There are 2 protein chains.
Amino acid sequence: MSAPAGTQQGTRPGGRSAQKRAAVHRAVAELLAEQADLTLPVVAARAGVHPTTLYRRWGSVGDLLADVATSRFTGEVVVPDTGSLRADLERWAADVATDVSDPDVLMLMRAAVGAGESGACACRGDREEQLAALLDRERARGGRPPTVARAAEVLLGAIYYRAIFTETPGTPEWARGLVEVLLPS
Amino acid sequence: MSAPAGTQQGTRPGGRSAQKRAAVHRAVAELLAEQADLTLPVVAARAGVHPTTLYRRWGSVGDLLADVATSRFTGEVVVPDTGSLRADLERWAADVATDVSDPDVLMLMRAAVGAGESGACACRGDREEQLAALLDRERARGGRPPTVARAAEVLLGAIYYRAIFTETPGTPEWARGLVEVLLPS
DNA sequence: CCACGCTCGCAATGATCGTTGCGTTAGTGC
DNA sequence: GCACTAACGCAACGATCATTGCGAGCGTGG
């Protein structure tokens, strides 16, 4: 919530806080993977940090989850640039599908969504921005790509839908095929 | 989890249990709308039921939420039948979008998703079956509609995506426009 | 090098949660 | 109408959670 984006955070980027924060994030990821019910004391114990610290810094499990989700889903991703919009989208979609088919990532997403609107929105991360970059490049090339909103709805929508609301997340191949819906040949 | 589908449930459909169950479901909906943190004792107090009953019948907040979600999202919905696949889909999509744009419904969905896979899947309800009915009718008519999976991914995917992962759920008009992606003219 | 301030650890407290054994009430079948 | 079973209410218990005041440690700036 208070972190910009990178590995470190906040007021004192180089210090002890950042290490604690990283430990806590790691602990959350671990516990999430173990299906343990997330609670601040439990996270604290796992992270080797005093519970008070968590209550002070984050206040609630929801805020902590939102924080973890943002730092997990927003990061420097190499946006594909093959020269062809279709190929770029296919590759991007496959990458996203691969990412969210990881059970641990799924757990994080579900928990973040359950934490409320902020946590849910954090799960988008900067993926719409990545999409925008792809589409802008196509527009600069002289093409007429769909809008970012439309692309996000169709691609991210379908990928997230299968990941979250069904038992079978989509495969990368399936995600590639999705581009066909957006860009009819 | 133990209920078939209808208003009542389980072993003794006509009895006291069903009333308690209804009261509990109502309480969950209320508390969800109030942003209160859902916990079994709290739900029990609101429902005028003893906490023990909840622990025995559902065991955990997750199971309770999954139960509430299933009974909320699966029900006798009048599947549109206008004679035209496109019109049917547009109307159906608009109905779904209207439904999930209700803040209370949104809260329920987020909470159910956070409760785990079963809760998340419960949010689909029987909407894919409704979709299947629409598409089958078109096939019987001699048309070649998309598969149920593809239709669900695109339509439900986009609608749910905007509802859950963004601050602005889609409007019915927007949802209608979504059909154009699935059925290019 | 030193003083300031932010962050963390520590300990104690009240509140709430989740569980279990037992008695009672309500619904079902003969 | 009567016995049986299932579901519920009740009360206790231990465990865990969430909060607060205080002191110490680490990083930053003069």
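Just so we're on the same page: letters track the sequence lines, and every chain starts at 1. Quantities reported herein were computed from a predicted structural model and do not represent experimental measurements.
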* Structure fact -> His50(B) atom NE2 is separated from dC17(C) atom P, nearest whole Å, by 13 Å
* Residue pair Phe165(A) / Arg127(B), side-chain heavy-atom distance below 4.5 Å -> no
* To do: Over 60° means perpendicular and under 30° means parallel, so classify the ring planes of Trp58(A) and His25(A), tilted if in between.
  => tilted
* Structure fact -> The complete set of ring-ring contact (aromatic ring centres under 6.0 Å, His included) pairs with one or both residues in residues 111-138 of chain B, sequence neighbours excluded, reads none
* Could you walk me through whether Leu65(A) and Leu108(A) pass side-chain contact (heavy atoms from CB on, under 4.5 Å), step by step? => CA-CA 8 Å; Leu65(A) 275 171; Leu108(A) 174 57; 4.2 Å; yes
* Asked: Side chain of Val49(A): nearest nucleotide among dC8(C), dG9(C), dC8(D)?
  -> dG9(C)
* Asked: Any side-chain N or O of Arg21(A) less than 4.0 Å from the OP1 or OP2 oxygen of dT7(C)?
  -> no
* Does OP1 or OP2 of dG9(D) have a side-chain N or O of Lys20(B) closer than 4.0 Å? -> yes
* Would you call Asp136(B) and Arg139(B) a side-chain contact if the rule is heavy atoms closer than 4.5 Å? -> yes
* Asked: Is the shortest heavy-atom distance from the side chain of Asp99(A) to the side chain of Phe73(A) under 4.5 Å?
  -> yes
* Rounded interatomic separation in angstrom, taking CD from Gln19(A) and C1' from dG27(D) -> 12 Å
* Structure fact -> Rounded to whole Å, the CH2-P distance (Trp58(B) to dG18(C)) equals 15 Å
* To do: Consider only side-chain heavy atoms of I, L, V, M, F, W and Y, link residues closer than 4.5 Å, and tell whether Val181(B) and Val179(B) are in one cluster.
  => yes
* Structure fact -> Here the distance between atom P of dT16(C) and atom CG of Leu54(B), to the nearest Å, is 17 Å
* Whole-Å distance separating the CG atom of Leu64(B) from the P atom of dG18(C) -> 12 Å
* **Closest approach of Arg137(A) to Pro80(A) (non-hydrogen atoms, all atoms of both residues)** => NH2-O, 2.6 Å
* Structure fact -> Expected string for nucleotides 16-23 of chain D under the B/S/- scheme (protein heavy atoms, under 4.0 Å, primed atoms plus P, OP1, OP2 as sugar-phosphate) is -SBBBBB-
* To do: Test Pro146(B) against every option in Leu131(B), Val154(B), Leu183(B) by the side-chain contact (heavy atoms from CB on, under 4.5 Å) rule and name the one that passes.
  => Leu183(B)
* Asked: Using the C1' atoms of five pairs at each end, what's the angle between the two axes of the helix from dC1(C)-dG30(D) to dC30(C)-dG1(D), to 10 degrees?
  -> 40°
